[in-house]
Amino acid sequence: MNLNFRLLRGLARLTFAQQLILLALLPATAATLVAIAVLTRQHLGNLTELMRANAQTVALQVATVAQAPLSRMDRRALARTAQTGTYQPHVQQVQIWTEDGEIVANSETVDRRRGEGLQVVVPIVSDDGRHNGKVMVEIGLDAVQSARRAVWLNVALVLAVSLLGVGLAGWWAARRISEPIRALGEAVDRLGAGEAASVAIEGTSEVRHLQHGFNQAARALAESHRLLQSRINEATAELARKNQLLEVASQAKTRLLAAASHDLRQPLHALTLFSDGLANGETDPVKLQRIGHIRECVDSLDRLFSELLNLSQLDAGVLQPQWADFPLDRLFDEISRNFRPVAEQQGLRLVVRKTELWVRCDYVMLSRILNNLVSNSLRHTVEGGVLIGARARGKGVRIDVVDTGVGIAAQHQARVFEEFYQVEPASRSNAPGGARGMGLGLATVQRLAELLNTRVELSSRLHKGTCVRVQVRAAPAALPASVPQPPMAAAPADNNEGLADLRILVIDDERTILEGLSVVLGNWGATVLAAQTRAEALALADGWDTPPDVVVSDLLLQGGDNGLDVIAALERHPNGIGAGTARLLVTGETKPDRLREVAAAGIAVLYKPVSPRVLRQAIQAQRAAALMMAAGL
């Protein structure tokens with residue numbers, strides 16, 4: 001069984017032509033061998049019978065001659081008679097026996113080598129018909145052996161010639177059959193590689209039919225491939241055109257949002273300043289309540305614009321991770337301080353679990369991610385609260401923000417991270433924290449997570465709550481490293497101290513904003529110099545005895561001018577500002593190219609609308625930094 005299996009495997013490895021040749025040789029070899037065997041056996045049998053007949057003839061001759069001497073028992077005559085018989089061809093021995101079996105004469109050949117022989121016994125019959133004795137003649141079969149050898153030599157020659165002829169015929173037939181099939185195989189390979197392929201029509205009728213069918217199939221496939229490629233090219237061109245349209249629409253959207261944001265921020269910033277100016281020194285409760293409502297509206301608009309600004313900064317690519325190792329609990333404490341009053345105002349609980357884990361991340365970006373998640377949870381939670389916790393997971397840390405809010409239906413969960421996508425909640429809190437946003441908070445979270453090479457996962461059940469998980473890299477606990485903080489993080493407390501007797505140059509092309517800044521800064525005890533253009537600012541520089549302590553400038557000014565160029569011009573002025581003058585930009589611009597320009601300037605910037613508290617903290621911080629730089633510290 002195993003031998004047959006190995007033979008079959010060996011045959012399967014042969015080529016088609018080799019199998020055809022083998023198929024021709026095997027039957028031809030078998031038939032030739034059988035025919036030769038039969039003919040050889042017949043020829044050798046005839047030759048043996050011929051030798052037997054020859055021996056019979058010699059024996060009869062000897063018996064006829066030996067009749068008389070035997071009757072007389074003339075042994076000498078009988079010996080001569082026997083010797084005469086050995087002279088015949090191929091006779092090896094002649095014996096004459098009496099009736100009782102006595103050998104009365106024996107003669108053997110001595111002139112040639114004895115070999116295998118054939119013995120024939122003939123009786124000696126007297127004239128009266130009685131048997132007087134016997135004659136034994138042994139004839140050699142060397143002729144038969146020679147004939148056998150000659151036959152085998154002829155057999156080998158005939159078999160070789162036959163097999164050669166059959167092999168050549170089989171090779172010719174195999175080539176005639178297999179060559180077109182081999183050409184078909186090569187054409188199929190070329191067709192599989194995407195090349196054009198066809199074969200010549202030749203060979204037997206069956207093969208010609210197969211070749212004709214292949215050529216038709218190849219032409220049909222080539223035509224289908226051409227049509228498919230044409231459709232692919234058309235689809236690719238259409239996709240490129242649509243991508244270009246989408247890119248144009250995206251750029252138009254960015255420009256529209258930036259322009260709208262800038263134009264709306266200007267009056268909103270002025271409204272912020274004037275509302276603070278109205279509240280300063282006011283004691284009437286009714287008026288204070290109305291001013292409070294104005295501030296709530298301004299704060300709501302401020303949050304909406306901040307979401308747009310965050311997205312614009314990400315689009316502009318001005319935000320790059322500043323990696324540092326820090327304890328996660330420090331960030332948790334900051335979140336707790338920022339949002340606990342908001343949660344309490346809405347009647348919710350904010351639980352921030354203590355942790356000893358350290359992470360390697362950008363402090364500001366991770367803070368913005370968690371702030372957005374917590375703010376979003378508080379906005380959509382009516383009762384219960386929000387839980388923030390962290391736990392180690394392998395080589396990383398997983399931060400969970402869990403709320404008991406209205407939840408997100410399954411069909412919306414995949415899209416809540418898209419820009420401007422919002423899910424209408426079943427109910428919404430009336431507290432300020434429950435004000436509706438623009439659908440950019442989670443989109444900003446997703447963009448920041450991509451910058452940090454991490455991922456944000458969301459799971460939610462409708463009316464049960466939502467859990468958002470943020471994966472960050474873990475870091476070994478160590479001494480606290482320097483952590484990047486926002487410009488106002490280290491500012492002094494919320495008071496008016498530190499601004500009295502300061503000379504502040506304010507540059508803005510909006511008259512209302514200049515008036516608002518003058519009122520607010522004047523209420524804080526500062527001396528305000530106001531300018532709307534570069535020319536007015538340089539004219540003020542011509543007349544002052546000492547440069548101002550602080551320069552607060554808008555970015556975009558009239559006539560295409562900008563605050564960076566005006567500050568640079570004041571630095572070049574003979575009577576201009578120096579290292580001891582603090583510089584601060586206040587802008588409502590959100591265009592990506594402008595944001596990159598501001599980031600490259602290295603000057604502290606605030607984005608409109610700016611609350612008076614943040615403005616005061618920024619002025620104090622930049623003034624302290626300028627004094628330290630002037631002192632060479």
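For clarity, every value in this text was computed on a predicted model and none was experimentally measured.
Among I567, T533, L570, the one residue that satisfies the side chain to side chain contact (heavy atoms under 4.5 Å, CB included) test with I507 is L570. Partner of D549 under the side-chain hydrogen bond (donor to acceptor under 3.5 Å, both in side chains) criterion, chosen from Q622, R623, R503: R623.
Between R349 and D403, no side-chain nitrogen of the basic residue sits less than 4.0 Å from a carboxylate oxygen of the acidic one, so the salt-bridge criterion is not met. The pair E571-R583 meets the salt-bridge criterion, with a side-chain N (NZ, NE, NH1 or NH2) lying under 4.0 Å from an Asp/Glu carboxylate O. Between R455 and E457 there is a salt bridge, with a side-chain nitrogen of the basic residue lying less than 4.0 Å from a carboxylate oxygen of the acidic one.
For the residue pair N371 / S375, no side-chain donor-acceptor distance below 3.5 Å is found, with atom types taken as modelled.
In this structure, OG1 in T527 is found 8.5 Å from CD1 in I504, a value given to the nearest 0.5 Å. Taking OG1 of T546 as the start and CD1 of I577 as the end, the distance is 13.0 Å to the nearest 0.5 Å. Between the CG atom of L529 and the CG atom of L505 there is a distance of 6.0 Å, given to the nearest 0.5 Å. Atoms CG and CD1, on L606 and I619 in that order, are 8.5 Å from each other to the nearest 0.5 Å. To the nearest 0.5 Å, atoms CZ (R534) and CG (D509) are separated by 13.5 Å. The OG1 atom of T587 lies 9.5 Å from the CG atom of L557; values are rounded to the nearest 0.5 Å.
Pairing each heavy atom of S460 with each of G465, the nearest pair is OG-O, 3.0 Å. When all heavy atoms of A531 and L540 are compared, the closest pair comes out as CB-CD1, 4.1 Å. Contact detail for Y363 and E334: the closest heavy-atom pair is OH-OE1, 2.8 Å. Smallest separation of non-hydrogen atoms from A343 and L378: CB-CD2, 4.0 Å. The minimum heavy-atom distance linking V401 with V386 is given by the pair CG1-CG1, 4.1 Å. Closest of all the heavy-atom pairs between T381 and Q346 is O-NE2, 4.0 Å.
At a threshold of 4.5 Å between non-hydrogen side-chain atoms, the residues I513 and D554 do not count as touching. No side-chain heavy atom of L517 sits under 4.5 Å from any side-chain heavy atom of V528. Taking the side chain as every heavy atom from C-beta outward, S553 and D508 never approach each other to under 4.5 Å. Contact of the V586 side chain with the V552 side chain is registered, since non-hydrogen atoms from C-beta on lie closer than 4.5 Å. Residues L458 and I408 have side chains in contact (heavy-atom distance under 4.5 Å, counting atoms from C-beta outward). Contact check for D400 versus R398: side-chain heavy atoms found under the 4.5 Å cut-off. At a threshold of 4.5 Å between non-hydrogen side-chain atoms, the residues V445 and N376 do not count as touching. Side-chain contact between I388 and L370 is absent, with no heavy atoms from C-beta onward closer than 4.5 Å.
A donor-acceptor pair under 3.5 Å links the side-chain atoms of N575 to the main chain of W544, judged by distance alone. Using a distance-only test at 3.5 Å, with no hydrogens or angles considered, a donor-acceptor pair links the side chain of R340 to the main chain of L350. T404 contributes a side-chain N or O that, together with a main-chain N or O of E383, makes up a donor-acceptor pair within less than 3.5 Å. When atom types are taken as modelled, the side chain of W524 and the backbone of V519 share no donor-acceptor pair closer than 3.5 angstrom. Between the side chain of E536 and the backbone N or O of Q532 there is at least one donor-acceptor pair closer than 3.5 Å. A distance-only check finds no donor-acceptor pair linking the side chain of S336 to the backbone of V352 [under 3.5 Å]. The backbone N or O of L514 lies less than 3.5 Å from a partner atom in the side chain of S518, making a donor-acceptor pair. Without hydrogens or angle criteria, H573 side chain to A569 main chain gives no donor-acceptor distance under 3.5 Å.
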Working for side-chain contact (heavy atoms from CB on, under 4.5 Å), residues L328 and V397
CA-CA 10 Å; L328 194 56; V397 174; 4.2 Å; yes
Test side-chain contact (heavy atoms from CB on, under 4.5 Å) on R360 and F326 and set out the steps.
CA-CA 7 Å; R360 177 166 181 78; F326 56 88; over 6 Å; no
Does the side-chain contact (heavy atoms from CB on, under 4.5 Å) test come out yes or no for V456 and V468, once each step is laid out?
CA-CA 7 Å; V456 179; V468 182; 3.4 Å; yes
Kindly determine whether D333 and K354 satisfy salt bridge (charged side-chain N to carboxylate O under 4.0 Å, His left out), including the steps that lead there.
CA-CA 9 Å; D333 288 342; K354 302 290 291 183; 3.7 Å; yes
Could you go through the side-chain contact (heavy atoms from CB on, under 4.5 Å) check for V472 and I399 one step at a time?
CA-CA 8 Å; V472 293; I399 304 174; 4.2 Å; yes
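More than 12 heavy atoms of other shown residues, nucleotides or ligands fall within 6.0 angstrom of atom CZ in R393. Q244 CD: 12 or fewer foreign heavy atoms inside a 6.0 Å radius. Counting heavy atoms of neighbouring residues, nucleotides and ligands inside a 6.0 Å radius, atom CG of N243 exceeds 12 of them.
Cation-pi check for R473 over W358 is not met; the charged atom does not lie both under 6.0 angstrom from the ring centroid and within 45 degrees of its normal.
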